[in-house]
There are 2 protein chains.
Amino acid sequence: MTTNVVDVSRSPHASLRPVPIENVKLEGGFMGRWLTVVAEKAIPHQYKMLEEHERLDRFRWASGKISRKPKTSFYPFDDTDVYKWLEACGYVLAWPDLEESKSRELRGLVKQVIDEVVAAQDSDGYLFTEHKGREGERWKSLTFDHELYCAGHLIQAAIALHRSINEEKLFNAARGFADLIANTFNPEGIRGVPGHPEVEMALVELYRETNDRAYLNTAAFFINERGKGLLEVKGSPTFLESAEYMMYHVLGGLEYFIDHKPIRELTEIVGHAVRSLYLNCGVTDLYMETGEQALLDVMNRLWEDFVYRKMYVTGAAGSRYISESFGDRYELPNERAYAETCAAIANFMWNWRMFLATGNAKHVDVMESTFYNAILSGISLDGTKYFYMNPLAVFKEYTREPWFQCACCPPNVARLIASLPGYFYCVVDDGIYVNLYNSSRARVSYREMELEIVQETKYPWNGEVKLTLHMPEPLSFKIYLRIPGWCDGAVVNVDGRIFKPKSSTYLPIMRKWKDGDVIKVAFPMPVKLTASHPYVRNNISQVAIKRGPIVYCLEEIDNPVDIRNIVLSDDIRFTAKYRGDLLDGVVVVAGNAYYVKEWGENYPLYFPIEKLQVRARRIRLTAIPYYAWANRKPGKMMIWIPLAEWLKIRRKPSKRSKQRRK
Amino acid sequence: MTTNVVDVSRSPHASLRPVPIENVKLEGGFMGRWLTVVAEKAIPHQYKMLEEHERLDRFRWASGKISRKPKTSFYPFDDTDVYKWLEACGYVLAWPDLEESKSRELRGLVKQVIDEVVAAQDSDGYLFTEHKGREGERWKSLTFDHELYCAGHLIQAAIALHRSINEEKLFNAARGFADLIANTFNPEGIRGVPGHPEVEMALVELYRETNDRAYLNTAAFFINERGKGLLEVKGSPTFLESAEYMMYHVLGGLEYFIDHKPIRELTEIVGHAVRSLYLNCGVTDLYMETGEQALLDVMNRLWEDFVYRKMYVTGAAGSRYISESFGDRYELPNERAYAETCAAIANFMWNWRMFLATGNAKHVDVMESTFYNAILSGISLDGTKYFYMNPLAVFKEYTREPWFQCACCPPNVARLIASLPGYFYCVVDDGIYVNLYNSSRARVSYREMELEIVQETKYPWNGEVKLTLHMPEPLSFKIYLRIPGWCDGAVVNVDGRIFKPKSSTYLPIMRKWKDGDVIKVAFPMPVKLTASHPYVRNNISQVAIKRGPIVYCLEEIDNPVDIRNIVLSDDIRFTAKYRGDLLDGVVVVAGNAYYVKEWGENYPLYFPIEKLQVRARRIRLTAIPYYAWANRKPGKMMIWIPLAEWLKIRRKPSKRSKQRRK
């Protein structure tokens with residue numbers, strides 16, 4: 001079996017072919033710890049939640065096993081909590097080092113869940129518990145009903161399990177539903193598009209898995225029909241008359257659904273962030289099959305609009321509450337960031353596809369930054385508590401929850417982390433791409449040969465990586481080494497030959513490689529201050545602390561003052577120190593900053609600028625990785641720290657210097 | 001007749017009694033121009049809109065005069081557009097200098113409209129067109145139906161016209177409705193509160209007008225019952241099942257309605273801004289009748305929370321879209337400011353009541369700032385186009401509209417401006433308060449004597465005010481002269497006696513005043529830079545330009561560059577110049593600033609702080625009063641301008657200095 005989330009091995013317009021999950025064994029380290037957390041904590045915990053919150057009961061009710069309709073589960077997309085959990089299990093079962101007993105146990109549980117799911121399927125393939133007993137409503141309310149969205153996640157789960165353990169039952173069920181969809185939505189059938197994109201990428205993947213072009217055609221149909229306003233909710237605009245009509249307008253109308261304009265004409269990334277980014281996954285997948293340049297062009301336009309104007313420094317997406325959507329350009333509020341965990345995951349998923357399509361290192365930069373910051377912030381260190389929103393500053397109480405009424409994020413973060421080994425390596429005709437860094441041992445099939453690549457590193461805490469090659473006989477090819485976008489001054493040493501590659505590139509190392517060859521990489525990891533575009537008005541004169549791919553934050557527990565009173569000079573000197581005892585092991589950053597005592601809740605809201613002359617005392621500032629916040633005592637948190645330069649600081653002597661003077 | 005918006009002449013716990021509208025003739029100047037605009041442009045324009053947008057047809061339909069139910073008017077509160085327009089007419093008809101022909105014409109139109117309104121009333125007094133033909137729905141859905149809100153505006157309109165022209169028909173209709181409400185809502189009747197507060201202050205005013213305590217008791221009942229969750233919308237939480245339930249949750253539940261906590265226990269100003277501030281008006285009115293200290297205490301707490309933590313520099317209120325509500329403390333986004341015109345008006349109205357209750361100058365400071373900035377920004381210079389939202393920065397197209405589907409703001413701003421003369425003077429036992437400044441001639445009854453106070457000034461463009469007293473015989477009393485909160489270094493000269501009063505106070509001038517006495521006031525009006533509390537993270541290192549009570553902004557038409565690239569030094573020197581040809585006469589502020597050319601839409605979103613070293617060229621910056629923006633060609637606008645200090649600017653030589661060097 002070869003489990004790839006996106007299998008482009010036969011896609012004519014893909015640039016690279018990923019090495020499957022089975023072939024990459026993470027050996028501890030940062031990502032290895034997260035795999036363990038997902039397998040041992042998150043997946044069992046989420047299964048419990050699926051039972052407690054009646055997600056499985058939906059299927060039992062739909063198949064007639066229980067007669068009481070679930071009450072606590074009521075969203076039409078609740079079926080997907082089960083599907084995403086199954087997909088996560090699919091990736092876990094592909095891990096090469098999963099213990100046999102654990103694998104057996106998980107397979108048993110997966111089989112049970114699949115039985116529950118498949119029992120709820122109608123004889124014609126339809127599978128959507130929300131419409132059970134209301135068959136007349138099929139495909140009637142595509143704008144909000146999420147039938148096709150659920151189908152998409154069902155298909156993705158089925159493919160994952162089909163690839164990893166050759167599971168057939170769910171796979172056939174998913175194909176049955178996909179066949180029904182393909183026979184329903186086409187130029188001769190219903191003209192309609194999914195209210196929530198997702199099924200597009202799933203159908204392309206099902207085409208890749210089955211070679212049945214009907215699925216590809218259906219995905220193309222959905223993408224081509226989108227933007228014609230088919231999702232518009234019409235109705236007499238009477239106050240409170242129709243919930244659907246009102247909700248449609250409150251959310252932002254067609255733009256929310258990215259149905260306001262044909263996809264090939266889009267110039268800005270807009271609408272509900274997850275819808276938008278999932279749609280882009282499907283479009284990029286379609287491009288890799290058809291090679292239609294217009295699709296790649298629009299993806300590049302939207303990517304630039306996103307990454308240059310609408311993405312948080314963490315990689316998070318979505319600036320607006322209620323509509324969970326992108327905002328205007330440079331609208332990136334920190335406290336009111338929506339930054340849904342699912343949107344960060346969707347960002348990662350889209351950039352993976354863009355990378356496979358183009359081979360451009362900038363896409364892996366976004367994936368990496370999003371993973372270490374925006375995605376991991378969505379899950380507690382122990383894997384059992386989650387954030388739905390991931391604000392970049394919190395000045396009131398905000399804590400992780402074990403589950404949500406709308407629980408899209410927890411199983412989504414589980415499936416993303418579980419699939420991590422699948423992003424490490426890619427193969428191209430003339431060589432092998434090294435994308436991510438973590439201690440690991442990978443088997444890479446390249447030109448009839450099976451190589452082993454061993455990584456030894458403490459990445460992301462330390463930028464030194466040692467790669468060792470094992471191969472049966474020497475072979476000339478290129479190793480493409482990813483030089484992260486955050487890294488200046490990388491040095492690569494291959495047997496005494498020194499490379500000093502530019503950041504955000506792949507360094508191609510051509511050589512006749514032989515068994516035992518070593519690549520020594522040093523990515524310098526100084527603590528850096530990052531500013532943001534002055535058009536992001538709420539970040540003016542503020543900086544974020546970064547080290548390597550990690551974005552840091554100040555958390556109240558480490559800085560027991562009102563952290564809003566902290567300002568720092570742009571010539572601050574930081575120390576960075578690994579602390580194994582803290583937050584499951586993190587590098588902590590510290591430095592000297594100022595604390596302005598006079599500011600507080602009774603300080604005037606507006607005042608003449610003469611008051612910018614403030615007294616401040618020196619304090620020691622401690623910053624931790626943003627992803628690890630909210631794992632201890634609740635308190636304030638912020639990423640963007642004001643510079644001291646706009647103030648006129650009169651330094652208050654520290655206690656020590658006072659004593660000295662005495 | 002004596003027309004006061006708030007008539008506290010017999011209220012035992014009011015500190016001052018306002019001089020009525022009839023007695024204050026504004027003689028041109030800044031405010032006089034606005035009165036003319038309202039009478040000659042806004043009121044006729046709005047009457048046309050009331051017809052075009054079927055607001056009057058609602059009443060015609062409800063009274064059976066037309067059989068077609070209006071379609072374009074569909075909000076349950078649309079009746080109030082007519083009521084607020086009538087109230088505005090009531091104040092206009094009180095102006096001492098309204099020409100007889102104009103008065104006759106307006107009275108005729110008012111009579112017609114009143115006939116239409118009253119014809120729609122049920123025999124038991126009920127008057128709410130939304131429920132016509134659906135009598136069973138009366139009082140059934142207080143959360144959203146706005147019956148009591150409409151009643152409140154009906155009562156206020158009726159009182160205004162009763163006071164100004166002794167109108168009886170609408171007044172009796174309003175009393176009839178008020179009697180029905182009083183008989184319906186009481187400890188023995190229905191326990192319920194209005195979903196949208198408004199009727200509370202109207203009922204207290206009706207008590208003041210009629211001396212019938214039933215109205216006061218009903219207002220007290222509504223205030224006392226509030227906060228017990230009576231407005232909660234219950235329902236099974238099924239996705240899209242109930243529009244009402246969904247809307248209730250999207251908006252924020254009980255807190256949106258300020259029904260989450262008993263009023264006397266409130267500590268923070270929260271919820272829908274207009275609801276919240278109208279409610280405070282009613283509570284303050286009730287306090288002035290009952291003297292209950294707990295009510296004044298809570299009003300003071302909410303005032304401090306508002307003015308110290310949640311009010312825009314313009315006086316605007318409401319930080320959040322969709323829920324049109326207050327945000328968290330210090331949540332004051334500029335581009336995404338909701339800042340509804342009605343909320344600014346409500347702010348003015350509440351502070352007027354707080355001033356009448358306490359005599360504290362700080363309340364008039366807020367009124368003044370809100371009027372000159374947040375309220376006037378809601379209406380075009382010609383009176384016929386309006387803003388609903390008043391953002392403090394606009395970087396995309398945003399233009400005024402002649403009317404709105406939800407048209408609460410246009411007639412609200414008309415009634416507020418029309419009532420302006422009524423806020424100029426107050427009388428207390430030992431003297432006369434001078435609150436506002438504009439060229440004017442006022443008759444003030446004080447201790448059996450009628451004085452005339454003449455103001456000559458170009459306020460707010462110039463801080464010099466000459467007050468001349470005319471009186472039949474000398475009398476000893478105090479003149480309390482308001483020293484605005486924005487003013488440092490005020491100098492008051494009475495016959496050679498010099499006062500140097502503190503800002504935000506009333507300077508009491510005790511004297512045996514005699515005919516012809518002159519008070520010369522000089523309020524220095526330098527251009528000032530204002531900063532905001534660093535907890536308002538989106539204003540960090542940014543300043544607003546103020547001069548006198550006026551908040552300035554940069555508008556693209558005067559600064560034909562991307563205004564987001566402008567930064568200024570905190571030692572900038574401004575010039576201020578009156579330009580009669582521009583924007584109906586404004587003082588324009590200019591000064592030297594920097595323009596950073598390299599920033600643009602393709603500049604990186606995040607970058608190392610070394611890039612804060614920028615090249616900039618000197619430019620001349622031109623600022624206009626914020627209220628006057630969007631009256632010319634559409635373009636970008638902003639109030640908060642970044643300081644240059646956080647950047648390291650390498651000055652690009654100006655063209656002139658280059659030439660000099662050659």
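Convention: sequence-line order gives letters A, B, ...; per-chain numbering from 1. Remember, it's a predicted structure, so these values are computed and weren't measured experimentally.
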Hey, which of [options] has the most heavy atom pairs under 4.5 Å with chain B?
options                        : result
A:T72, A:V567, A:D328          : A:D328
A:N538, A:D305, A:D488         : A:N538
A:R329, A:R320, A:M638         : A:R320
A:E645, A:R564, A:K310         : A:R564
A:V543, A:V596, A:N565         : A:N565
A:A393, A:A531, A:G327, A:S141 : A:A531

Lys/Arg-Asp/Glu bridge criterion (N-O < 4.0 Å) met for B:D570, A:K648: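 Looking at A:K648 together with B:D570, the answer is yes, because their closest N to O distance falls below 4.0 Å.
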
SB check B:R336 A:E331 (cutoff 4.0 Å):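 A salt bridge links B:R336 with A:E331.
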
What part of [X] gets within 4.5 angstrom of chain A, counting heavy atoms only: side chain, backbone, both, or neither?
X      : value
B:V307 : backbone
B:V536 : side chain
B:L332 : side chain
B:K396 : side chain
B:I609 : both
B:P604 : backbone
B:N334 : neither
B:D562 : side chain

Counting heavy-atom pairs under 4.5 Å with chain A, which one of [options] comes out on top?
options                : value
B:Y321, B:W599, B:Y535 : B:Y535
B:S323, B:S541, B:G600 : B:S541
B:P642, B:P534, B:P608 : B:P534
B:K528, B:E244, B:M247 : B:M247
B:V313, B:L612, B:T530 : B:V313
B:E335, B:E304, B:M311 : B:M311

B:Q542 side-chain N/O to A:R537 backbone N/O, donor-acceptor pair under 3.5 Å: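 Looks like yes, one N/O pair under 3.5 Å.
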
CZ/A:R573: more than 12 non-hydrogen atoms of other groups inside 6.0 Å: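 It does not: A:R573 CZ has 12 such atoms or fewer within range.
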
Heavy atoms from other residues, nucleotides or ligands near CD of B:E598 exceed 12 (cutoff 6.0 Å):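 Check passes, neighbour count above 12.
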
Tell me, do [X] and [Y] make a side-chain contact under 4.5 Å, heavy atoms counted?
X      : Y      : result
B:E601 : A:Y308 : no
A:N539 : B:I540 : no
A:E610 : B:L529 : no
B:R309 : A:L605 : no

Aromatic ring pairing B:W640/A:Y606, orientation class (parallel under 30°, perpendicular over 60°, tilted between):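 Because their plane-to-plane angle is under 30°, the rings of B:W640 and A:Y606 count as parallel.
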
Straight-line distance of A:Y330 OH to B:F395 CZ, nearest 0.5 Å: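 It comes to 11.5 Å.
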
Minimum heavy-atom distance A:I322-B:V250, with the two atoms named: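 What the structure gives for the nearest pair is CD1-O, 3.7 Å.
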
Nearest heavy atoms of A:F607 and B:H533, plus distance in Å: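 Nearest pair, atom of A:F607 first, then B:H533: CE2-N, 3.7 Å.
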
